[in-house]
Amino acid sequence: MSNVCEFNTVPDGNPQVESPMAWSYQQHPAPRANGQAGVVLREKALMGHLVLRGGAIVLDEAVRATLGMNLPAKPNALEHDDSGERSIQWLSPDEWLVIVPGGEEFKLERALREALGDAHFSIVNASGGQTVLTLSGANARDVLMKSTSYDVHPNAFPVGKGVTTVFAKATVVLRRPSEAHWELVVRRSFADYCYRWLLDASAEYGIDTQ
Amino acid sequence: MFYIFCPYCKEHREEEEFHARGQAHLMRPSDPDNTSDEEWGDYLFFRNNPRGIHHEMWVHSVGCRKFFNITRNTATYEILETYPMGEQPTITAATPDVRHEQGVQVADGGWQTVGARSENKALNEEASS
Ligand SMILES: [Zn+2]
């Protein structure tokens, strides 16, 4: 076990928490979609986000032991477990983003530290710093085409791919977990900007924000 | 816009995702105590400014955030290759094809200049008189 101070960022007693989008939902209610909404925007709020850094071979063994998934070694790869609730994404040659259901992240962090022992690695809990938005609907890809310079054509962006790229004037992690869904991992400080951009970019198609 | 191949992401990305970070392959003098002021000055402040082939360090700042190297022609803006940190370029100003096609010449001491073609020589002479 490495000599690192760790603590659970979610305190006991189940206190009330707000997602980074809370303020936006209150300040900018989505315009009512007239009839069929071409874009469906949802938030996967308060998930557990861990950033793993280290050598792929060292991390792979620990990740398989604790998460039961392979560490994606291919650039820009995104892997999900069988339930689809947990994912690992390649961010750079020595960096991966793990997203798990909220509340699991601290247990996972401990298990990973246990498994990695004295290896050279780093785990950062980024749960409070970012959130996940999902886009689906007939016009989801049209909205992305207006918002990012990255090629989102299915040939260039198949299911199981994820990239860090520009989105409007911000940076997001853009990923494609399934045929019908796109995910945007946005930073807390850019969440409101990205949300309002999405409302505006989706206006012509109609947007459903629940 | 350029598409630049990131040797770590292994695909072409928009230029917007990158930043240029100056001349590549700079080496800190290995024995600072016995390095002259002039050598330190060269290391800290003086950079090549060739017309032609230049090896530059770039960073994929919106992306994998890794540094890597680019061999670029400063006259045509053509990017000839990208390669990871720690590796050496396969195309240099001394590469015969490059010399021939682009009139790039390597002067003594590794300085890269253009001067092989007569029209350039004439221009230089005109400017200095
Ligand atoms: Zn990259």
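Order of the sequence lines sets the chain letters (A, B, ...), proteins ahead of strands, with each chain counted from 1. Note that the structure is a prediction, hence the values are computed from the model and not measured.
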A:T209 and A:R42: CA distance, side-chain angles, deciding distance, side-chain hydrogen bond (donor to acceptor under 3.5 Å, both in side chains) verdict: CA-CA 6 Å; A:T209 59; A:R42 293 283 184 273; over 6 Å; no
Residue-level contacts of residues 11-42 of chain B with chain A, using a heavy-atom cutoff under 4.5 Å: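 Listed by number: B:E11, B:R13, B:E14, B:E16, B:E17.
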Proximal to chain A - members of residues 57-68 of chain B, heavy-atom separation under 4.5 Å: B:V62, B:G63, B:C64, B:R65, B:K66
Exercise: do A:E43 and A:T131 side chains pair donor with acceptor under 3.5 Å: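 A:E43 vs A:T131: donor-acceptor pair found between side chains.
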Residues A:Q130 and A:R188: side-chain donor-acceptor under 3.5 angstrom: no
Going by an N to O cut-off under 4.0 Å, is there a salt bridge joining [X] and [Y]?
{"X": "A:D200", "Y": "A:R196", "result": "no"}
{"X": "A:E6", "Y": "A:R110", "result": "yes"}
{"X": "A:R64", "Y": "A:D60", "result": "yes"}

Is a side-chain donor or acceptor of [X] paired with a backbone partner of [Y] at a separation under 3.5 angstrom?
{"X": "B:T82", "Y": "B:F5", "answer": "yes"}
{"X": "B:R47", "Y": "B:L44", "answer": "yes"}
{"X": "A:K161", "Y": "A:N76", "answer": "no"}
{"X": "B:R51", "Y": "B:T74", "answer": "no"}
{"X": "A:D81", "Y": "A:G84", "answer": "yes"}

Top contributor to chain B contacts, counting heavy-atom pairs under 4.5 Å, from A:T171, A:T165, A:D151: A:T165
Close approach to chain B in residues 90-109 of chain A, criterion heavy atom under 4.5 Å: A:W90, A:L91, A:S92, A:P93, A:D94, A:E95
Passing candidate, side chain to side chain contact (heavy atoms under 4.5 Å, CB included) with A:N125, options A:V10, A:N8, A:L50: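 The residue from A:V10, A:N8, A:L50 that satisfies side chain to side chain contact (heavy atoms under 4.5 Å, CB included) with A:N125 turns out to be A:L50.
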Partners meeting side-chain hydrogen bond (donor to acceptor under 3.5 Å, both in side chains) with B:R72 (sequence neighbours left out): B:E56
